[in-house]
Amino acid sequence: MTSDDSRKVAELLRGQRIGMLTTIAPQGTLTSRPMALQEVEFDGDLWFFAERASRKVVHLDAHPEVNVTVGSGATWVSLTGRAAVVDDVAKKRELWNSATEAWLPQGPDDAGVVLLRVEATSAEYWDTPGGRLATVLSFAKAKVTGQRFSGGENETVRL
């Protein structure tokens, strides 16, 4: 991953708190669910808490390939990679916070609480500088001029 690619993806992920984690069930169907992102600084890995007995962990045992989508009205990032269950008490304590405790009141030392580490291999992003207002103005301009709508920047990067 080049430093420019890494910086751009990290910049787009900054401030995002929830991602849609998509896993592959043992029978091959896709399942998505919202998950709280546990680290603010993106270094190629995303971290989530989960219960060891959860469906998502069963899915990862069968198929570790995942997708995580994060976004807002003007910025969207889709990361693909492989997920692994991590049972590291020190890392759980490091990432633990009051929001996590609301979902997992048993605490980070409980054996039923695990981390999911998603090692991203690629990312595709859509970014509209100027946010929603710029998007609306660009859309209106396309309608008036008859030119194709330019929704901003769209790139795919290897991580």
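Owing to the predicted nature of the structure, the values given are computational and were not obtained by experimental measurement. All values below come from the heavy atoms of this structure, side chains included, with hydrogens, waters and symmetry mates left out.
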Next on the checklist: Looking only at the side chains, is there a donor atom on one of T80 and N67 sitting less than 3.5 Å from an acceptor on the other?
Outcome noted: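 On atom types as modelled, these side chains do not qualify, holding no pair under 3.5 Å.
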Which pairs would a plain distance check flag for residues 25-33, meaning a side-chain donor or acceptor within less than 3.5 Å of a matching protein atom at least two apart in sequence or in another chain?
| unit_1 | atom_1 | unit_2 | atom_2 | d |
| --- | --- | --- | --- | --- |
| S32 | OG | T22 | OG1 | 2.6 |
| R33 | NH1 | L21 | O | 3.2 |
| R33 | NH1 | T23 | OG1 | 3.0 |
| R33 | NH1 | T31 | O | 3.2 |
| R33 | NH2 | T23 | OG1 | 3.3 |

Please examine the side chains of [Y] and [X], heavy atoms only from C-beta on, and report whether any two atoms are closer than 4.5 Å.
{"X": "T69", "Y": "L79", "value": "no"}
{"X": "R52", "Y": "D87", "value": "yes"}
{"X": "L37", "Y": "F42", "value": "no"}
{"X": "Q106", "Y": "E51", "value": "yes"}
{"X": "V85", "Y": "L116", "value": "yes"}
{"X": "I18", "Y": "V70", "value": "no"}
{"X": "R93", "Y": "V89", "value": "yes"}
{"X": "M35", "Y": "K56", "value": "yes"}

Checklist entry - What residues, two or more places apart in sequence or in another chain, satisfy side chain to side chain contact (heavy atoms under 4.5 Å, CB included) together with N97? => result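 By the side chain to side chain contact (heavy atoms under 4.5 Å, CB included) rule, N97 matches Q38, A99, T100.
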Say you draw a straight line from [atom1] of [X] to [atom2] of [Y]; how long is it, rounded to the nearest 0.5 Å?
{"X": "R117", "Y": "R82", "atom1": "CZ", "atom2": "CZ", "result": "10.5 Å"}
{"X": "Y125", "Y": "E11", "atom1": "OH", "atom2": "CD", "result": "9.0 Å"}
{"X": "L104", "Y": "D110", "atom1": "CG", "atom2": "CG", "result": "9.0 Å"}
{"X": "R158", "Y": "S122", "atom1": "CZ", "atom2": "OG", "result": "5.0 Å"}

Next on the checklist: Do W103 and L115 land in one hydrophobic cluster if side-chain heavy atoms of ILVMFWY residues count as linked below 4.5 Å?
Outcome noted: yes
Checklist entry - V57, V118: one ILVMFWY side-chain cluster at the under-4.5 Å cut-off? => result yes
Item to check | Partners passing ring-ring contact (aromatic ring centres under 6.0 Å, His included) against F48 (at least two apart in sequence or in another chain) | outcome: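 Partners of F48 under the ring-ring contact (aromatic ring centres under 6.0 Å, His included) test: none.
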Item to check | Pairing residues for W96 by the ring-ring contact (aromatic ring centres under 6.0 Å, His included) criterion, not counting sequence neighbours | outcome: F49
Next on the checklist: One pair to check against side chain to side chain contact (heavy atoms under 4.5 Å, CB included): V114 and V86. What are the steps and the verdict?
Outcome noted: CA-CA 6 Å; V114 295; V86 176; over 6 Å; no
Item to check | Listed partners of D61 passing salt bridge (Lys or Arg N to Asp or Glu O under 4.0 Å), at least two apart | outcome: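 Residues passing salt bridge (Lys or Arg N to Asp or Glu O under 4.0 Å) with D61: none at all.
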Specify the closest pair of heavy atoms between [X] and [Y], including all atoms of both residues, with the distance to one decimal.
{"X": "G107", "Y": "V113", "result": "O-CG2, 3.5 Å"}
{"X": "G81", "Y": "T121", "result": "CA-OG1, 3.7 Å"}
{"X": "K8", "Y": "D127", "result": "NZ-OD2, 3.0 Å"}
{"X": "A123", "Y": "V77", "result": "CB-CG1, 4.5 Å"}

Checklist entry - Which ring pair (Phe, Tyr, Trp, His ring centres under 6.0 Å) pairs, counting each pair once, include a residue from residues 10-36, with sequence neighbours left out? => result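 Applying ring pair (Phe, Tyr, Trp, His ring centres under 6.0 Å) to every pair that reaches into residues 10-36, excluding sequence neighbours, yields nothing.
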Checklist entry - Do NZ/NE/NH1/NH2 and the carboxylate oxygens of K92 and D109 come within less than 4.0 Å? => result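 So K92 does not pair with D109 through a salt bridge.
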